[in-house]
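All remarks here apply to the structure that follows.
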Amino acid sequence: MSSVALVLTASAQAPAGRIVTIDLNRVFTDYYKTPIASGKIKDTAESFNKELNEMVDNYKKEIEELNKLREEQDKPEYTAEVREQKRKAVSEKLAETQKIQRDLEEYRTSHGKILQDQQLRMRQTILKEIQDVIDKESRDAGYQLVLDKSGTTGNGVATVLFSQDSMEITDDIIKVLNKNQPKTTESPKPAEKKNDKK
């Protein structure tokens, strides 16, 4: 995650606010909506991969059939007419296999793009929700500056080299984000065995 600095301007009458830090990577990971969205993307990816694998298997079968036809087309025991028919069959099978290969590559490219776009939209949506909560909570608390301690510079150096624990608001933001988290339904208790003895 790139370095993020959220600058919140205090009003002219208000005193200068505090500078605080946040670990956006942890906020993103611990937000209850993130694993839900990731699970949906994983399901989509698995569905795509299943269909792609079926296409690959079909392509392999077509290649095997093409190779068999190629082996048979020039057998000396065949008449010239039969060999010509075999060559025609090879040509048709080759065209068919090439089309399957093009379809396979097109599917891989297009559905890879669909998955990538879905991941990007999910990330942007969740980050926007996180950003809105940070903005509101920081304005309400009168913070002047919020620095993302999980970010790094172009040289790979942490953007925040040191900060006191008392300056960090990560847990507070996570708590606000997760306050409306739906409660997981408890698994039903196993039914008690009835005593058949009279």
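Computed from a prediction, not measured in an experiment: that's the story for all the values here.
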In this structure, CD1 of Ile22 is separated from CD of Glu168 (nearest 0.5 Å) by 8.0 Å
For Lys93, the salt bridge (Lys or Arg N to Asp or Glu O under 4.0 Å) test, sequence neighbours excluded, returns Glu62, Glu65, Glu96
Scanning both residues in full, the closest heavy-atom pair of Thr97 with Tyr59 reads O-CE1, 3.6 Å
> Val56, Leu66: one ILVMFWY side-chain cluster at the under-4.5 Å cut-off?
Replying inline: no
**Asked** Quick one: are Val90 and Glu72 in side-chain contact, heavy atoms under 4.5 Å?
**Response** no
inquiry  = Starting from Ile130, can I reach Ile41 by hopping between I/L/V/M/F/W/Y residues whose side chains sit under 4.5 Å apart?
reply    = yes
For Asn67, the side chain to side chain contact (heavy atoms under 4.5 Å, CB included) test, sequence neighbours excluded, returns Ile63, Arg70
The single option from Thr29, Ile134, Thr170 that satisfies side chain to side chain contact (heavy atoms under 4.5 Å, CB included) with Leu24 is Ile134
Residues at least two apart in sequence or cross-chain that pass ring pair (Phe, Tyr, Trp, His ring centres under 6.0 Å) with Tyr107, listed by chain then number, are His111
Salt bridge (Lys or Arg N to Asp or Glu O under 4.0 Å) pairs touching residues 32-56, sequence neighbours excluded, are Lys33-Glu129
Interatomic distance, CG@Leu69 vs OG@Ser91, rounded to 0.5 Å, equals 11.0 Å
Residues passing the side chain to side chain donor-acceptor pair (under 3.5 Å) test with Asn180, sequence neighbours excluded, are none
For Asp23 and Ser150, indicate whether the former's side chain and the latter's backbone hold a donor-acceptor pair under 3.5 Å.
no
Residues at least two apart in sequence or cross-chain that pass salt bridge (Lys or Arg N to Asp or Glu O under 4.0 Å) with Asp140, listed by chain then number, are Lys136
With sequence neighbours left out, the residues meeting salt bridge (Lys or Arg N to Asp or Glu O under 4.0 Å) with Glu71 are none
Across all chains, not counting sequence neighbours, the side chain to side chain donor-acceptor pair (under 3.5 Å) partners of Arg87 are Asp74
ask   = Would Asp135 and Arg139 pass as an ion pair if we require N to O under 4.0 Å?
value = no
Residues pairing under salt bridge (Lys or Arg N to Asp or Glu O under 4.0 Å) where one sits in residues 172-181, two or more places apart or in two chains, turn out to be none
Sorted by chain and number, sequence neighbours left out, side chain to side chain donor-acceptor pair (under 3.5 Å) with Asn58 holds for none
Glu105 with Arg108: basic N within carboxylate O range, under 4.0 Å = yes
Subject >> Asn178 side-chain N/O to Asp30 backbone N/O, donor-acceptor pair under 3.5 Å >> reply: yes
Sequence neighbours excluded, the answer for side chain to side chain donor-acceptor pair (under 3.5 Å) partners of Lys68 is none
When rounded to the nearest 0.5 Å, the distance separating CD of Gln181 from CD1 of Ile36 is 7.0 Å
Q) Cluster question for you: counting only ILVMFWY and a side-chain heavy-atom cut-off of under 4.5 Å, with indirect links fine, are Leu94 and Leu104 together? A) no
task: Answer whether the closest heavy-atom distance between the side chains of Asp132 and Lys128 falls below 4.5 Å.
output: yes
What one should report as the nearest heavy-atom pair of Leu177 and Tyr31 is O-CE1, 3.4 Å
**OP:** Would you check if Ile169 and Glu137 make a side-chain contact, meaning some heavy-atom pair closer than 4.5 Å?
**Re:** no
One should read off an interatomic distance between Ile173 CD1 and Ser138 OG, to the nearest 0.5 angstrom, of 5.5 Å
Rounded to the nearest 0.5 Å, the OH atom of Tyr32 sits from the CD1 atom of Ile174 at a distance of 14.0 Å
Salt bridge (Lys or Arg N to Asp or Glu O under 4.0 Å) filter on Arg121, not counting sequence neighbours, yields none
